[in-house]
Participant: 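To start, I am sharing the structure in question, which I have written as structure tokens.
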Amino acid sequence: MLTMQFQLSKNINRLTNAGVIPAFVSFFLLLSSCGKDELISDTAYNLEIPKGFPAMDIPLDNQLTVQRVALGKKLFFDNILSRDSSVSCASCHLPEYGFSDPEQFSKGVEGRSGFRQSMTLTNVAYNTLFFWDGGATSLELQLLAPIENPGEMDMNMPELIERLSNNHEYPSLFREAYDREIDPFTITRALAAYERTLISGNSRYDKYMYHEKNDALTESEKRGLEVFNSSRTNCSQCHSGFNFTSFGFENNGLYEYFADSGRARVTTLHSDVGLFKIPTLRNIGVTAPYMHDGSLTTLEQVIEHYQAGGKLHENKSPLITGFQLTTQEKTDLLNFLNSLTDYEFISQTAE
Ligand code: HEC
Ligand code: HEC
């Protein structure tokens, strides 16, 4: 508990110093994190972990219950979270686009836009660091950024708490879920509880790989999987494991000069310039545009980028070397990437 507390306060200090969250909110979070979690066992949420996926780490102070997940979901789709009630989380994380945004730069309140592409929330709970630069260390902490960022929801916590408290539904929903008042602790925990249910492991690839359905992939897709796993392309060296990511940060040679220094914004290390979080490739067929700045619009362009070996940059990973593919192999790789779409996952709705 002591270490958890220390870790939390360290993270909060870092975010506070970075100006991401005001000091009073961090004080509130710290204060509140001592509370005991009183999970009532008959309301536990049944999280289905797909075959091939590891168990999920769920914080002790935010065990999943049916009420918490439902409350988080309601908040996720509700414009009440933004200052002018114009955007919700789902405005930039649209289910049908794999919980990402087809716009290069999402529009926040008053149409303001940021400088990064919205990220897919596919299997987001398995991540250990959040954002393209890994600037947040837990789902609960990550949430303060979009809510308070002027380019996103531009909301301040005291006002949000007041609004939710005056709403005719929320006060009782919060009480049922957490048995306490509406505060930054319960708001962020409810949203994070919902985000932990955004599990996607039911693509045709999964049926082939983990459910022994040999015909779930076409011959072309199977060949594409081999190209993906080959030492020629190195794709699976970085996009590895059940979620197609090593959860690390790499420079994949997107630019010679990076306008966004990526991981270095957090670590200030020169050796981290141009390194970005290795994203999952699940649902990649529906999450265009691609890369941290949405600069590549199609998967063909992504493959061409890697084929050409990327731009010269001192931090570029030695795995990005360029390679040759026949037209057929390129089509196979593309088809394989498209087989990672989980149609059940992307057809979720607010209701
Ligand atoms: C205006 C658009 C916008 C809104 C509104 C928004 N997001 Fe995001 N979201 C983004 C962008 C852009 C990023 C990438 C930011 C970065 O890397 O700096 C992101 C990143 C994230 C991540 C990190 C994912 C990862 O794998 O690292 C999570 C989680 C997330 N958002 C959840 C939410 C939730 C929950 C809400 C509502 C409270 C929300 N977002 C509201 C645009 C938005
Ligand atoms: C050295 C590690 C590395 C290798 C090898 C690699 N990638 Fe990536 N990949 C990354 C990183 C890092 C990003 C994010 C870069 C950014 O946002 O600027 C990325 C982004 C992507 C994206 C865009 C994802 C999104 O959500 O925007 C796709 C698609 C992709 N890679 C496919 C591939 C394929 C196909 C291969 C093999 C031909 C491959 N990658 C090889 C590290 C790698």
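Numbering of ligands and ligand atoms starts at 1, following listing order.
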Participant: Sort out for me which residue in Arg263, His292, Met119 forms a side-chain contact (heavy atoms from CB on, under 4.5 Å) with Lys277.
Facilitator: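 Output: one option passes, namely Met119.
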
Participant: Which ligand 1 atoms, with their elements, are less than 4.0 angstrom from a heavy-atom of Gln117?
Facilitator: 12 (C), 14 (C)

Participant: For Ser118, state whether at least one heavy atom is located under 4.0 Å from any atom of ligand 1.
Facilitator: yes

Participant: Would Glu226 and Lys222 pass as an ion pair if we require N to O under 4.0 Å?
Facilitator: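 Between Lys222 and Glu226 there is no salt bridge, as every charged N stays at least 4.0 Å from the carboxylate O atoms.
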
Participant: Give a yes/no on ligand 2: does Ile320 have at least one heavy atom closer than 4.0 angstrom to it?
Facilitator: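 Yes, Ile320 has a heavy atom closer than 4.0 Å to ligand 2.
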
Participant: List ligand 2 atoms under 4.0 Å from Ser317, heavy atoms only on the residue side.
Facilitator: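 Listed by number with element: 1 (C).
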
Participant: Closer than 2.8 Å to atom 8 (Fe) of ligand 2, do we get an N, O or S atom from Tyr306, backbone or side chain?
Facilitator: yes

Participant: Any heavy atom of Ser82 sitting closer than 4.0 Å to ligand 1?
Facilitator: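 No heavy atom of Ser82 comes that close to ligand 1.
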
Participant: Starting from atom 27 (O) of ligand 2, find the nearest protein heavy-atom neighbour and note its residue, name and distance.
Facilitator: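 Of the protein heavy atoms, Met291 N, 2.7 Å lies nearest.
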
Participant: Applying a heavy-atom cut-off of 4.0 Å, say which part of Leu281 lies close to ligand 2: side chain, backbone, both or neither.
Facilitator: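 Within the 4.0 Å criterion, Leu281 contacts ligand 2 through side-chain atoms alone.
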
Participant: With heavy atoms of Leu299 as the reference, note each atom of ligand 2 found under 4.0 Å away.
Facilitator: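 Taking each heavy atom of Leu299 in turn, ligand 2 has 29 (C) under 4.0 Å.
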
Participant: Among all protein heavy atoms in this structure, tell me which lies nearest to atom 14 (C) of ligand 2, with the distance rounded to 0.1 Å.
Facilitator: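 The protein heavy atom lying closest is Pro279 CD, 3.6 Å.
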
Participant: Using non-hydrogen atoms of the residue, decide whether Lys277 is closer than 4.0 angstrom to ligand 1.
Facilitator: yes

Participant: Could you check whether any side-chain N or O of Lys51 sits under 3.5 Å from a backbone N or O of Tyr210, counting only pairs where one atom can act as donor and the other as acceptor?
Facilitator: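 Here the side-chain-to-backbone pair exists.
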
Participant: Report the part of Ile284 in contact with ligand 2, treating N, CA, C, O as backbone and CB onward as side chain, heavy atoms under 4.0 Å; options are side chain, backbone, both, neither.
Facilitator: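 Within the 4.0 Å criterion, Ile284 contacts ligand 2 through side-chain atoms alone.
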
Participant: Determine, considering heavy atoms only, which of Phe77, Phe115, Tyr194, Phe131 sits nearest to atom 20 (C) of ligand 1.
Facilitator: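 The residue whose heavy atom sits nearest atom 20 (C) of ligand 1 is Phe131.
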
Participant: Out of all atoms in ligand 2, which are within 4.0 Å of some heavy atom of Val302? Include the element for each.
Facilitator: 28 (C), 29 (C), 30 (C), 32 (C)

Participant: Heavy atom under 4.0 Å from ligand 1: found in Asp133's side chain, backbone, both, or neither?
Facilitator: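 Under 4.0 Å from ligand 1, Asp133 contributes no heavy atoms.
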
Participant: Yes or no: does Phe323 have any heavy atom under 4.0 Å from an atom of ligand 2?
Facilitator: yes

Participant: Measure Leu75 to ligand 1 on non-hydrogen atoms and call it side chain, backbone, both or neither using the 4.0 Å cut-off.
Facilitator: neither

Participant: Is Cys89 close enough that one of its N/O/S atoms sits under 2.8 Å from atom 8 (Fe) of ligand 1?
Facilitator: no

Participant: Can you confirm if the aromatic rings of Phe244 and Tyr205 lie within a centre distance of less than 6.0 Å?
Facilitator: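 When the ring centroids of Tyr205 and Phe244 are compared, they turn out to be within the sub-6.0 Å range.
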
Participant: Hey, is Ile303 touching ligand 2 through its side chain, its backbone, both or neither, going by heavy atoms under 4.0 Å?
Facilitator: neither

Participant: Which of the atoms of ligand 1 are close to Gly108, meaning less than 4.0 Å from one of its heavy atoms?
Facilitator: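 Answer, ordered by atom number: 1 (C).
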
Participant: If we set the cut-off at 4.0 Å for heavy atoms, which region of Asn251 has an atom near ligand 2: side chain, backbone, both, or neither?
Facilitator: neither

Participant: Which of the numbered atoms in ligand 1 are below 4.0 angstrom from a heavy atom of Lys107?
Facilitator: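 That gives atoms 1 (C) of ligand 1.
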
Participant: Hey, which atoms in ligand 2 end up nearer than 4.0 Å to a heavy atom of Leu254?
Facilitator: 18 (O)

Participant: Considering only non-hydrogen protein atoms, determine which one is nearest to atom 17 (O) of ligand 2 and report residue, atom name and distance to 0.1 Å.
Facilitator: His292 N, 2.7 Å

Participant: Looking only at distance, does Ser88 have an N or O less than 3.5 Å from an N or O of ligand 1?
Facilitator: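 No, Ser88 has no N/O under 3.5 Å of an N/O on ligand 1.
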
Participant: I want to know if ligand 2 touches Leu337 in the polar sense, i.e. an N/O pair below 3.5 angstrom.
Facilitator: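 By distance alone, the answer is no.
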
Participant: At their closest point, which heavy atom of His239 faces which heavy atom of Pro279, and how far apart are they?
Facilitator: ND1-O, 3.1 Å

Participant: If we count only N and O atoms by modelled type, under 3.5 Å, do the side chains of Asn202 and Tyr343 hold a donor and an acceptor together?
Facilitator: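 No, no side-chain donor-acceptor pair sits under 3.5 Å.
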
Participant: Looking only at protein heavy atoms, which one is nearest to atom 5 (C) of ligand 2, and what is the separation?
Facilitator: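 Ranking protein heavy atoms by distance from atom 5 (C) of ligand 2, first comes Asn234 O, 3.4 Å.
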
Participant: Among protein heavy atoms, which sits nearest to atom 2 (C) of ligand 2, and what does the distance come to when rounded to 0.1 Å?
Facilitator: Cys238 SG, 1.9 Å

Participant: Could you tell me whether any N, O or S atom belonging to His239 is less than 2.8 Å from atom 8 (Fe) of ligand 2?
Facilitator: yes

Participant: Would Arg116 count as being in polar contact with ligand 1, using the rule that some N or O on each side must be under 3.5 angstrom apart?
Facilitator: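 Yes; the residue has a nitrogen or oxygen that sits under 3.5 Å from a nitrogen or oxygen of the ligand.
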
Participant: Could you identify the N, O or S atom of His93 positioned closest to atom 8 (Fe) of ligand 1?
Facilitator: NE2

Participant: Considering only non-hydrogen protein atoms, determine which one is nearest to atom 38 (C) of ligand 2 and report residue, atom name and distance to 0.1 Å.
Facilitator: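 For atom 38 (C) of ligand 2, the nearest protein heavy atom is Cys235 SG, 2.6 Å.
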
Participant: Out of Ser91, Ser106, Cys92, indicate the one that has the non-hydrogen atom closest to atom 1 (C) of ligand 1.
Facilitator: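 Residue with the shortest heavy-atom distance to the ligand atom: Cys92.
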
Participant: Does either side chain, that of Ser106 or that of Asp101, offer a donor lying less than 3.5 Å from an acceptor on the other one?
Facilitator: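 Ser106 vs Asp101: donor-acceptor pair found between side chains.
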
